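The figures that follow rest on heavy atoms only: side chains count, while hydrogens, waters and symmetry mates do not. Every value quoted in this text rests on a predicted model; they were computed, and no experiment measured them.
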Amino acid sequence: MDPLHQRGVWRRTSLEDFLKTADPDWEEVLSLDELCAEERESWVWRGFEALIEEAEGRCSATRVMLRLSRGGADAFVAREFDLSTKRFVAPAAGGFVVPEAKSVVSFRSRDELLVSTDFGPSSLTAAGYPRTVRAWLRGTPLSSAEVVFEGQQEDHLVYGYSVRQNGGLSFEVLHRGLSFHAVEWRLSLDCGKSFAELRAPPDAELSFFGRWILLRLGASGFQVGSGAGAAFPAGALLAADATCALAGQSDCWEVVWEPEVDGKSFQEPGEPTAGTPRFSTLQNVVATQNYLVLVVLSRVRSSLLVLRPPSTGLSDGDSATSPSWQRVASRASEGDEVLASLSVRPVDPRGSDALWVGRASQTQPPELFWVSDVATWAAAGCQLTPTAATTTTTTTTTGALAKSLRRLQPLYDASAVETDQLEAISADGTRVTYFLSRSKGSEGAMPPTLIYAYGGFGVPVLPAYQASAGAAWLERGGQYVEANLRGGGEFGPLWEEAARGGHGRLRAYEDLEAVADDLVARGYAAPGQLGLLGRSNGGLLVGNMLARELQAAGRTPSTGRFAALVGEVPLLDMQRYHLLLAGASWIDEYGNPDVASDWEELRLVSPYHLVSERLKANPGAGSLPLSHPPVLFTTSTRDDRVHPCHARKMVSLLQGPFEKDKLDAGISNAYLYESPEGGHGGAASIAERASLRTLEYEFLWQCLTSTSSAPRTQRE
């Protein structure tokens with residue numbers, strides 16, 4: 001995206017040109033802005049599914065199923081696009097088009113798709129996702145596609161896909177999501193003619209490498225027998241020969257990597273950790289032609305690990321043999337990289353051992369590195385920057401070091417900003433890490449402090465370049481905090497599992513309060529003058545903090561932690577969330593409010609009901625309404641994941657006690673912004689995103705810098 005392409009432009013260049021020059025010859029493939037104007041649609045890019053074909057010994061993408069969303073919704077239209085002609089393949093010419101739905105499509109071959117989509121009544125799960133996998137042949141109606149597999153209406157999501165590995169090996173996978181955190185897999189090694197169920201724990205994650213099946217274990221671990229070595233720990237990475245695994249051989253699984261416990265704090269290395277245990281965890285697993293590269297998180301710090309498979313490898317001709325997986329090299333972050341995140345992607349996993357490596361932090365713009373050969377790079381210690389004795393020429397020709405190719409230009413002045421990683425102690429003794437970015441030398445100043453947090457679904461909050469927060473908050477002298485609450489993916493599956501259900505969510509909220517209190521105790525922030533920003537599940541967090549801040553005038557004081565809050569596309573009604581849009585798919589995470597015991601827990605973390613109860617408990621006529629910090633809820637009419645009624649009804653509830661004339665005078669501190677587009681992302685273009693972020697940050701800044709803790713903007 002750029003000022004001339006508000007919706008985005010798809011372009012390509014050759015690998016050789018991209019590596020050779022900083023200004024390669026880009027070829028435009030598709031302009032979304034031009035497509036929107038031509039078709040009079042508000043298309044938003046949702047990616048593509050590629051058909052990879054081999055010609056003259058090289059694999060390349062020739063056709064794609066392009067995913068286009070109207071107004072940023074999760075539902076999209078999938079249309080076949082020819083990369084050679086740079087045009088859509090018309091339905092009259094046999095082109096595949098899947099109508100708007102929350103679909104999954106995958107090329108089975110050039111003329112056949114595996115399609116999971118809305119085929120009419122009873123074809124969807126209760127959460128609104130597909131529950132059938134069908135094979136659609138080119139030139140036939142979509143309605144005639146043959147059913148390959150069918151799940152149940154109570155399932156989360158059912159779909160199928162094909163995986164083509166080097167050496168001609170192919171897998172066909174049927175994914176039956178029983179719930180958000182539980183899956184059954186059926187695999188085929190004969191191009192879909194027959195399928196066998198894979199015996200694996202339902203909370204594991206599945207991937208492939210050559211002839212091996214890889215499993216990243218969840219919180220339940222994996223028990224494969226009763227003898228010694230039959231139990232594999234939570235969070236471990238396992239590998240097994242595909243044929244043996246599908247035959248049900250219990251002794252075929254081997255540990256490729258397993259997590260280490262982190263029982264130490266940053267400030268006191270020898271002190272054990274109470275509460276929820278923390279482990280190192282896998283952030284990503286990628287495969288080149290002959291190697292696995294793992295990105296490991298330890299205390300929310302990235303490191304890399306390169307592994308070689310057993311026996312003679314895959315295709316590199318090495319005569320050395322080994323019966324087990326071998327660690328070729330590992331690399332921990334050093335110096336300025338300690339608080340940076342690392343990412344890796346293979347260049348061509350079926351044809352080379354080249355690798356893309358990315359690095360970014362809160363203050364360092366994303367930087368892209370090129371590794372021409374992972375084996376040579378690993379032998380040199382996986383270095384990302386040349387040493388003083390190494391010339392650029394040596395780096396480029398030997399491949400021993402990663403070559404820096406691109407670095408995003410700074411989008412804010414971070415020269416005076418520093419980031420520290422700190423820890424707070426939660427109510428049950430769990431150590432909770434957080435990142436604090438602030439101006440250098442600002443000790444004791446207590447500037448406006450904003451906390452961002454999420455804490456759910458295993459989503460980690462990692463060091464990343466904060467362009468919006470940097471320009472809108474840090475450049476103005478504010479402090480920006482990112483908290484690693486339980487429920488996230490920073491410390492392994494047990495850390496994630498600890499925040500599930502109503503009582504689990506309370507742990508995450510205690511973690512946030514511990515971070516807020518720790519900032520005050522260290523003298524970084526003033527009591528009661530913190531801001532809070534959360535999105536989606538983080539909006540539920542915001543709603544709960546708002547409910548805790550409510551107080552009756554002249555009675556028990558509030559917790560006094562937050563002076564302003566912003567909740568973007570939030571969940572707020574936890575009694576009806578499962579009846580709205582995709583909500584039923586989150587029962588695994590939150591609990592089922594239709595079950596009495598679950599609701600007893602959920603009502604403790606349902607902001608709409610907590611606020612409603614406090615309003616009802618307020619003294620009768622003539623008393624002042626309950627007071628609370630200024631809060632802004634933002635949503636999108638096109639959000640088809642979290643219903644916009646969550647935000648609408650909460651603001652209506654908070655504004656209810658105020659009479660019309662008082663409301664116009666701005667006495668109510670509850671605000672709602674609803675954009676017509678944007679979906680669950682809240683914005684459909686870079687201009688809309690910039691406008692939304694400006695609104696949110698300006699609201700928070702004015703509240704935290706105003707003596708009255710109320711925004712100076714006029715209500716419209």
Side-chain angles (χ1 to χ4, degrees), residues 262 264-269 271 273-276 278 281 283 297-302 333 338-341 360-363 417-439 442-443 446-456 458-466 469-470 473-474 478-492 495-496 498-499 505 507-527 529-535 537-538 541-542 544-545 559 561-562 565-566 700 704:
D262 171 24
K264 301 177 181 179
S265 72
F266 297 105
Q267 288 76 36
E268 302 168 276
E271 185 175 334
T273 298
T276 302
R278 307 188 309 183
T281 186
Q283 181 185 348
L297 282 181
S298 181
R299 299 164 158 196
V300 206
R301 304 179 185 192
S302 297
S333 298
V338 169
L339 300 185
S341 289
S361 72
Q362 284 92 341
T363 57
V417 177
E418 62 182 2
T419 300
D420 294 315
Q421 188 178 27
L422 304 170
E423 285 188 337
I425 300 178
S426 195
D428 65 352
T430 299
R431 291 191 175 273
V432 182
T433 64
Y434 64 95
F435 295 94
L436 169 63
S437 298
R438 59 191 176 120
S439 297
S442 62
E443 292 83 355
M446 296 189 183
T449 303
L450 174 61
I451 301 175
Y452 171 81
Y454 186 79
V459 177
V461 177
L462 304 176
Y465 189 57
Q466 300 296 341
W473 203 264
L474 293 172
Q479 298 182 136
Y480 187 70
V481 176
E482 293 176 303
N484 304 126
L485 313 183
R486 276 175 284 188
E490 298 90 350
F491 291 102
W495 183 265
E496 172 192 349
R505 300 247 69 80
R507 295 189 187 102
Y509 304 156
E510 290 171 350
D511 292 350
L512 174 65
E513 291 174 335
V515 169
D517 293 344
D518 193 66
L519 287 165
V520 173
R522 293 176 186 269
Y524 291 131
Q529 292 301 308
L530 294 163
L532 179 62
L533 172 63
R535 301 184 178 108
N537 173 74
L541 171 74
V542 168
N544 273 272
M545 292 302 106
T559 57
R561 291 186 175 92
F562 299 102
L565 309 96
V566 170
L700 289 160
L704 296 184

*Using a 4.5 Å cut-off on heavy atoms from C-beta on, say whether the side chain of Glu482 contacts that of Val300.*
no

*Please list, chain by chain and in numerical order, all residues satisfying side-chain hydrogen bond (donor to acceptor under 3.5 Å, both in side chains) with Ser437, sequence neighbours excluded.*
Thr419

*asked:* Let me confirm one number: the CG-CG distance from Leu512 to Leu532, rounded to the nearest 0.5 Å.
replied: 5.5 Å

*So, Arg522 and Asp420, do they make that salt bridge, N to O below 4.0 Å?*
no

*Under the 3.5 angstrom rule, does the side chain of Arg505 hit a backbone N or O of Ala499 as a donor-acceptor pair?*
yes

*side-chain hydrogen bond (donor to acceptor under 3.5 Å, both in side chains) partners of Asp517, counting only residues at least two apart*: Arg561

*Would a 4.5 Å heavy-atom cut-off, applied to side chains only, mark Thr433 and Glu490 as touching?*
no

*Do Phe435 and Val461 have side chains that get closer than 4.5 Å, going by heavy atoms?*
no

*Considering non-hydrogen atoms only, spot the tightest contact between Gly534 and Val542 and give its length.*
N-CG2, 3.6 Å

_Within the 3.5 Å criterion, strictly below it, is a donor on Arg301 or Gln421 matched to an acceptor on the partner's side chain?_
yes

*With a 3.5 Å cut-off and no angle check, do the side chains of Thr276 and Arg507 form a donor-acceptor pair?*
no

*Does the Asn537 side chain pair with the main chain of Tyr454, one donor and one acceptor, at a distance under 3.5 Å?*
yes

*Between Ser361 and Leu339, what is the shortest heavy-atom contact and its length?*
CB-O, 3.6 Å

*Test item: Arg486 and Phe491 side chains (from C-beta on) under 4.5 Å apart, heavy atoms*: no

*Of the non-hydrogen atoms in Ser426 and Ala514, which two are nearest, and what is the gap between them?*
CA-CB, 3.7 Å

_Closest non-hydrogen atom pair between Asn484 and Trp495, with its separation_ = O-CZ2, 3.4 Å

*How many angstroms lie between atom CG of Leu297 and atom CZ of Arg278, to the nearest 0.5 angstrom?*
12.5 Å

_Side chains of Leu422 and Tyr524 in contact at under 4.5 Å (non-hydrogen atoms)_ = yes

*What closest approach, in Å, do Asp518 and Ala424 show between heavy atoms, and which atom pair accounts for it?*
CB-CB, 3.6 Å

*Decide yes or no for Ser302 and Gln283: does some side-chain heavy atom of the first lie under 4.5 Å from some side-chain heavy atom of the second?*
yes

*Separation of Phe562 CZ from Leu450 CG (nearest 0.5 Å)*: 10.0 Å

*Are any of the side-chain heavy atoms of Thr363 and Leu474 separated by less than 4.5 Å?*
no

*Could you give the distance from CD1 (Ile451) to CE (Met545), rounded to the nearest 0.5 Å?*
10.0 Å

*Of all heavy-atom pairs between Arg438 and Gln479, which one has the smallest distance, and what is that distance?*
CD-OE1, 3.5 Å

*Got a second to check how far Leu485's CG is from Thr430's OG1, nearest 0.5 Å?*
11.5 Å

*Under the side-chain contact (heavy atoms from CB on, under 4.5 Å) rule, collect the residues that match up with Ala526, sequence neighbours excluded.*
Met446, Gln529

*How long is the gap from CG on Leu533 to CG on Leu541, to the nearest 0.5 Å?*
10.0 Å

